[in-house]
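Below: one structure, written as structure tokens.
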Amino acid sequence: MTFQLILDEIKNNLKKILDDLSISDVNFSVELAKPGFGDVSSNIAFLLAKELKKNPKEITQMLFEKYSQCSSTLVLKTEAHPSGYLNFFADWAKLSKLILSESYLDTFGAVDIGNNSNIIVEHTSVNPNKALHIGHIRNIVVGDTVSRILTKANYKVNVLNYIDDSGLQVADIIVGFKHFKFDEEPPNGKKFDHYCGDDVYVKTTQKYELDSSLEEIRKNTLKELEDGDSETAVFGDMITRKVLAGQLETCWNLNVSYDCLNFESQIIRSGLWSKIFEKLKEMGLIEFENEGKNAQCWVIRGDDNEDDKVIVRSNGTATYIAKDIPYAAWKLGLLDDPFYYQKYDATQPNSKTLWQTSLNNDSATPQNFTAQKVVTVIDSRQERLQKIITTLMEKFNSIPDSYVHLGYESVTLSSDTAKTLGLETDGKQAQMSGRKGVYVSADSVCELLKQKITEETKKRHPEMEDSEIEKIAQSVSIGTLRYEMIKQDLDKIITFDLAKSLSLEGDTAPYIQYAYARASRILEKSGITPTTDVNFSLLQEKSELNLVKTIGLFNLQVRDAANNFAPKVIARYCHDLAVSFNSFYEHVKVLDSDNDELKSSRICLVNSFNITLEKALDLLGISAPNRM
RNA sequence: GGACUCGUGGCUCAGCCUGGAUAGAGCAAGCGGCUUCGAACCGCUAGGUCGAGGGUUCAAAUCCCUUCGAGCCCUCCA
């Protein structure tokens, strides 16, 4: 509970005061004070001004007097600020003990929002015809971070990755291999996913533009892919699985794990679509159009200004959005599960088993990957389609907010970076495009970062062994990339600049990880085993108390992040922790002190910081290095 | 034409949901701090009519309306 304890105490006392005054229904705030105004402040007087017909200043004064009658264990002093705020000063000797003691528990930071219920987080879901680029990384890191936060908030999280192995993009590379005879082996050891994306996909789509008769071949290939037992489908399956293996390698390198891979081809063959199609008709959610531009189509009626959306074409085939409906319903457990599950042969970063869907019950194990609540991480450009799905799901199961589309803005390339790819943009940022070959691959960014960090580490530690440098470079490079992807709001466009992304100073993961490394060195050199059996009242310096306070906010931050699916909240919190620690580090010498008692108290604090930061960084999928 | 998102110092952002006290950071600029618990750090200086206009309110960066600018979506494409 930590800092929450003092907030609760104050809130309860203020409620009692209001009861005595026979006032109810006042939704006042009790929150962390701004710097310079004590530790906690309340706006209660402002809210009472109208009712009591007095100005806030007088009311605060009155409340201040009444508050002195209240029993308080954690509040040392109250202040009626002329502005109208009621401010509180904590009894830090007591509060420090509570906060630091709790921080040593394994459960520190855990909150209970999920009540141990199931939740699905779906992310990644990249067409298996190319390597992951920096735009995909935002999706993956957001999804992975959210799933970590929800786990901390007591949800049982299952992470799904939807493999769209039967779409047009896959058909394109199949056309490349079959029709244009691209070699099935990549040249000089190139990763297979990179080869498919950089060479086969880009060059094949270029040829379409030159020769429109190829469109027929493309369409036929797509149809054969969906047909299942065709030779094309078997070949396609082999190719897409090889690409997928390459993509997963990139994801695992980023510390990302999944619970199940769901193959679109199997969803199509499972017959889920026809079941949901019947259900849609029964419930009157779709209508058959007899005339007009959508004649002979099944459509979902658009509300207000929105056009109707075609679900089944006049030729009887399902559209793109239609494929998402049975999948969404399956995730919510609204349909009988047609799948068997097989283990995917791999060891993931979190060492959990990775399952994959199968329609074949040989050596299959039953699993349940459905949940009452589903979070789907998709680019906000798909918002309109996702809104249709959300509305449909609400009508199916009558539970509001059970299907959540977590949208985020795209990653664009800075004009400088676009230029390095041969694209002149006139100073403007550029949208990435897999088809046009305008993108920066995730693997290449990781590689560049790792090189840079290896250099920096060598500079600082010339004597360090290569294996240790490698470990540090891995930790810091992944941290840097992941942090950049979540530190700002989801609805802000990230303009990726290759040169700037290599910056390791300021509001970056290395800044935060560095604070951890510094603290680790203090603990190492102290020669003392940190304990919470210390005199907390000795921690009196401003920078000490500020660090304690920041540590005590962990639960509140996790709650905020989980309630709002907001990874950036934890990113900011990690940064705040590091700032507080660096200020402490500058102002207080831990090991220099002659006073052993004080030294022990400070060691306790430093260790508490390290434990907390390590846990918070873990929510971001970032590891905390002891040295760097 | 319609829907959605963004607009805060030179640049990148936080704060907005849940209105209140001096609008916070980082980068870039200028100055200062390593005979060390590691300078991937810290301190100081300078820089802001919170796009514009109106409204609600005792109180608006925050809520409402209008408007301008930027982005994105609006295929029987995926």
Side-chain angles (χ1 to χ4, degrees), chain A residues 27 29 31 33-37 41 43 45-47 49-50 55-56 81-85 87 127 164 167-172 222 289 293-299 302 304-307 309-321 323 379-385 387 407 409-410 412 428-429 431 453 456-457 459-461 476 487-495 497 500 503-515 517-526 563-564 568 572 575-576 578-579 581-583 585-593 602-603 606 627-628:
Chain A
N27 195 17
S29 73
E31 54 197 12
K34 289 171 83 167
F37 296 101
S41 50
N43 66 350
F46 295 111
L47 303 181
K50 192 167 254 176
N55 70 42
H81 195 271
S83 64
Y85 269 102
N87 295 335
N127 286 302
D164 183 0
L168 204 57
Q169 293 201 22
V170 168
D172 286 340
L222 180 61
E289 199 74 84
K293 63 170 184 163
N294 294 331
Q296 311 304 310
C297 296
W298 286 91
V299 301
D304 303 330
N305 300 317
E306 307 214 314
D307 286 342
K309 192 77 203 162
V310 174
I311 296 297
V312 178
R313 303 185 185 96
S314 51
N315 67 5
T317 59
T319 57
Y320 173 69
I321 181 177
K323 292 183 186 174
D379 196 324
S380 57
R381 283 177 291 197
Q382 303 235 26
E383 186 173 296
R384 194 173 120 81
L385 294 181
K387 205 173 153 194
E409 270 295 344
S410 51
T412 62
K428 284 174 129 183
Q429 47 186 253
Q431 287 286 335
I453 290 156
E456 294 289 325
T457 312
K459 236 188 270 170
R460 282 155 237 254
H461 308 284
V476 177
K487 76 173 180 187
Q488 65 199 59
D489 204 87
L490 296 180
D491 50 26
K492 235 123 194 175
I493 293 170
I494 293 180
T495 304
D497 185 275
K500 285 184 187 156
S503 157
L504 310 175
E505 288 161 15
D507 187 9
T508 64
Y511 172 90
I512 298 166
Q513 290 171 309
Y514 184 65
R518 279 177 140 185
S520 298
R521 294 291 277 175
I522 293 179
L523 296 172
E524 191 186 315
K525 290 199 171 181
S526 75
N563 278 328
N564 298 303
K568 72 161 182 212
R572 299 201 70 77
H575 185 253
D576 288 348
V579 168
F581 177 78
N582 279 331
S583 165
Y585 186 92
E586 209 66 28
H587 291 101
V588 176
K589 294 293 170 214
V590 176
L591 301 179
D592 269 4
S593 172
R602 286 179 173 161
I603 289 292
V606 171
R627 299 192 67 184
M628 61 183 278

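Values reported hereafter were calculated over all heavy atoms of this structure, with side chains retained and with hydrogens, waters and symmetry mates removed. In the text below, chain A, chain B and the rest are named by the order of the sequence lines, each starting its count at 1.
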- Message: Quick check on N315(A): does its CG atom have over 12 non-hydrogen neighbours (other residues, nucleotides or ligands) under 6.0 Å away?
- Response: yes

- For S29(A) and N43(A), which heavy atoms make the closest approach, and how far apart are they? N-OD1, 2.8 Å

- Have a look at Y511(A) and say if it touches a base, only the backbone sugar-phosphate, or nothing, with a 4.0 Å heavy-atom cut-off. sugar-phosphate

- Item | Same-atom distance (C1') from G15(B) to A61(B), integer angstrom | 8 Å

- Query: What does T412(A) touch in the nucleic acid at a heavy-atom separation under 4.0 angstrom: a base, only the sugar-phosphate, or nothing?
  - Reply: nothing

- Query: Within the structure shown, what part of the strands sits under 4.0 Å from R521(A) by heavy-atom distance: base, sugar-phosphate, or nothing?
  - Reply: base

- Message: Categorize L504(A) for me: base, sugar-phosphate, or nothing, with a 4.0 angstrom heavy-atom threshold over every strand shown.
- Response: base

- Message: Using a 4.0 Å heavy-atom cut-off, does S41(A) contact any base of the nucleic acid, only the sugar-phosphate backbone, or nothing at all?
- Response: base

- Message: For F46(A) and Y85(A), take the angle between the two ring planes, folded into 0 to 90°, and tell me which bin it lands in: parallel under 30, tilted 30 to 60, perpendicular over 60.
- Response: perpendicular

- Query: Does G43(B) have a Watson-Crick or wobble mate here (both distances under 3.5 Å), and if so which one?
  - Reply: C31(B)

Report each atom pair, protein N/O against N/O of nucleotides 30-33 of chain B, whose distance is under 3.5 angstrom.
none

- Message: Does the structure show a Watson-Crick or G-U wobble partner for G7(B), both distances under 3.5 Å? Name it, or say none.
- Response: C68(B)

- Message: Could you check whether the side chain of D489(A) and the base of A14(B) have a donor-acceptor pair of N or O atoms closer than 3.5 Å, going by distance alone?
- Response: no

- Note on the structure: The answer to which of M628(A) and N582(A) contacts RNA chain B further toward the 5' end, by nearest nucleotide, is M628(A)

- Now, which nucleotide makes the Watson-Crick or G-U wobble pair with A25(B), with each of the two distances under 3.5 Å? U12(B)

- Message: Categorize S314(A) for me: base, sugar-phosphate, or nothing, with a 4.0 angstrom heavy-atom threshold over every strand shown.
- Response: base

- Task: Tell whether T319(A) reaches the base of A78(B) with its side chain through a donor-acceptor pair below 3.5 angstrom.
- Result: no

- Can a donor-acceptor pair under 3.5 Å be found between the side-chain atoms of H575(A) and the base atoms of G26(B)? no

- Task: Please work out if L523(A) contacts a base, only the sugar-phosphate, or nothing of the nucleic acid, heavy-atom cut-off 4.0 Å.
- Result: nothing

- Mind checking R572(A) for me? I need base, sugar-phosphate or nothing, with any heavy atom below 4.0 Å counting as a touch. sugar-phosphate

- Message: Ignoring hydrogens and geometry beyond distance, is the side chain of R460(A) in donor-acceptor contact with the base of A40(B) at under 3.5 Å?
- Response: yes

- Message: Using heavy-atom distances to pick each residue's nearest nucleotide on RNA chain B, tell me which of Y320(A) and I494(A) is more 5'.
- Response: I494(A)

